Amino acid sequence: MADKMKDALHEEANNFKAVAHDVAVSGAYLYPVKGILYFSYHKDLWRPFLSRAVQTIGLGLGVTTAMFFFTYVPQAAIMTFTSGPLAPISAALLVLSESSTITNFLARSFVLADALTDTFDGTLVTRGHTELVAHGRQIKGPGGGAVSRLGKMLNRPLERMRPSALVRSLMLLPLNFIPVVGTLLYVYMQGKKIGPVAHSRYFQLKGWDERRREEWVRRNRGGYTGLGVAAFLFEMVPFASLVFSFTNTVGAALWAADLEKTMQ
């Protein structure tokens, strides 16, 4: 098992070197930053976020409290063998990372799915892509803000995250304790996975089947990896991941809007 994991990590490290140039050239890693700025200046996009804020904050506090109560002491004890006197601090950081990962999984699966879809669609409407959004939901007449114009969904694209994704994320967390290289590899592996997920709504609005999606992602692997890595770095910030989930969604929608221009 250990050898298989070592081989997998070695392969991912080689892949990282191969796509690094494509990531830099794509410029897609800038969209999470653009999402923050765009979200800040478009108050109508705040509505989905505010509607779920209390629930998600409560979920995060509950998960973090439970994780410290049940897992902090055992993990601190184990880490005395690897971190020595820094074990209490290292264990606290690990528990915070674990709590953030679990909260993100539960929130996206049960609390935020519709709100994030509204945010993505609302951003596309503000960029003038109402016809594209109309492929996935009813659109109300002119007047009011972009989110106010969003009607009933015709389909629900944001699937609940699979438990295997949560297990994978938790298993990769110890990589962060390998100085520099481990953290870079951890962020890269997570970003590579979540990048295409950020455009799941876009793919559905385009009417693409699974084969078409995979082909598109393969052709734009550098862009999606860059988007995913930047988005994941923001969502790693403790207690701020909720806000960044929404700004990252805005950033992903902005990239989709720009892609639409190149296709026309």
Side-chain angles (χ1 to χ4, degrees), residues 27-60 103-104 106-161 194-208 227-228 230-231 234-235 237 239-264:
Y29 55 86
L30 295 174
Y31 280 95
V33 178
K34 294 179 181 179
I36 294 173
L37 299 175
Y38 200 84
F39 186 77
S40 300
Y41 288 103
H42 290 77
K43 294 185 178 181
D44 185 55
L45 296 178
W46 298 2
R47 290 178 56 189
F49 162 71
L50 294 175
S51 70
R52 296 293 189 272
V54 174
Q55 290 174 277
T56 309
I57 291 173
L59 175 65
T103 299
N104 188 52
L106 294 175
R108 286 181 175 270
S109 297
F110 302 106
V111 180
L112 299 180
D114 288 349
L116 291 174
T117 302
D118 289 345
T119 302
F120 192 94
D121 291 355
T123 303
L124 287 177
V125 170
T126 65
R127 291 292 301 273
H129 295 287
T130 305
E131 292 185 7
L132 177 63
V133 177
H135 293 163
R137 72 190 310 156
Q138 298 174 354
I139 301 293
K140 301 175 184 178
V147 174
S148 302
R149 297 185 61 195
L150 301 178
K152 182 180 179 180
M153 289 189 202
L154 304 178
N155 37 47
R156 298 183 178 276
L158 295 179
E159 301 176 357
R160 292 181 177 179
M161 296 178 67
I194 69 173
V197 175
H199 266 180
S200 59
R201 177 59 167 175
Y202 177 53
F203 298 150
Q204 187 179 44
L205 293 175
K206 295 289 289 183
W208 290 350
L227 176 72
F234 281 118
E235 292 189 25
V237 179
F239 307 113
S241 59
L242 168 62
V243 179
F244 289 131
S245 293
F246 282 87
T247 60
N248 286 337
T249 298
V250 172
L254 292 176
W255 188 28
D258 288 343
L259 289 172
E260 280 297 288
K261 291 181 179 180
T262 64
M263 295 180 185
Q264 293 175 355

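Since we're looking at a predicted model, the values are computed, not measured. Reckoned from all heavy atoms, side chains included, excluding hydrogens, waters and symmetry mates.
- A donor-acceptor contact closer than 3.5 angstrom links the side chains of Asp258 and Tyr31.
- Taking the side chain as every heavy atom from C-beta outward, Arg137 and Asp118 approach each other to under 4.5 Å.
- Here the side chain of His199 pairs a donor or acceptor atom with the backbone of Ala252 at under 3.5 angstrom.
- Across every non-hydrogen atom of Leu150 and Gly122, the tightest pair is CD1-N, 3.8 Å.
- Evaluated for a side-chain contact (heavy atoms from CB on, under 4.5 Å) with Arg52, the options Ile57, Leu116, Leu112 yield exactly one hit, Leu112.
- Minimum heavy-atom separation, Ser148 to Arg47: OG-NH1, 2.6 Å.
- Taking the ring centre of Phe203 as origin, the terminal cationic atom of Lys206 falls outside the region bounded by 6.0 Å and 45° from the ring axis.
- Each of Arg149, Arg201, His129 was checked for a side chain to side chain donor-acceptor pair (under 3.5 Å) with Asp121, and the lone residue meeting it is Arg201.
- In this structure, Leu154 and His135 approach most closely via the heavy-atom pair CD1-O, 4.2 Å.
- Between the side chain of Thr262 and the backbone N or O of Leu259, at least one donor-acceptor pair lies under 3.5 Å.
- Pairing each heavy atom of Thr119 with each of Pro48, the nearest pair is OG1-CB, 3.5 Å.
- No donor-acceptor pair under 3.5 Å is formed between the side chain of Ser109 and the backbone N or O of Leu106.
- Heavy atoms only, all atoms of each residue included: Ala198 and Phe120 are closest at O-CE1, 3.8 Å.
- Side chains of Leu242 and Phe49 form a contact here, defined as non-hydrogen atoms less than 4.5 Å apart.
- What you find for Ala107 and Leu59 is that their closest heavy atoms are N-CD2, 3.7 Å.
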Q: Step by step, work out the side-chain contact (heavy atoms from CB on, under 4.5 Å) result for Asn248 and Phe234.
A: CA-CA 8 Å; Asn248 286 337; Phe234 281 118; 4.1 Å; yes
Q: Decide yes or no on side-chain contact (heavy atoms from CB on, under 4.5 Å) for Thr117 and Met153, but give the supporting numbers first.
A: CA-CA 9 Å; Thr117 302; Met153 289 189 202; 3.6 Å; yes
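- You'll find the side chain of Pro32 reaches within 4.5 Å of the side chain of Leu227, heavy atoms only.
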**Q.** Full working for side-chain contact (heavy atoms from CB on, under 4.5 Å) between Trp46 and Phe39
**A.** CA-CA 7 Å; Trp46 298 2; Phe39 186 77; 3.5 Å; yes
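- In this structure, a donor-acceptor pair under 3.5 Å is present between the side chains of Tyr38 and Thr126.
- For the atom pair Trp255 CH2 and Thr123 OG1, the distance stands at 15.5 Å (nearest 0.5 Å).
- Between the Asp44 side chain and the Ala146 main chain, a donor and an acceptor come within less than 3.5 Å of each other.
- Taking the side chain as every heavy atom from C-beta outward, Ser241 and Asn104 never approach each other to under 4.5 Å.
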Q.
Evaluate Leu132 against Tyr202 for side-chain contact (heavy atoms from CB on, under 4.5 Å), listing each step before the verdict.
A. CA-CA 9 Å; Leu132 177 63; Tyr202 177 53; 4.0 Å; yes
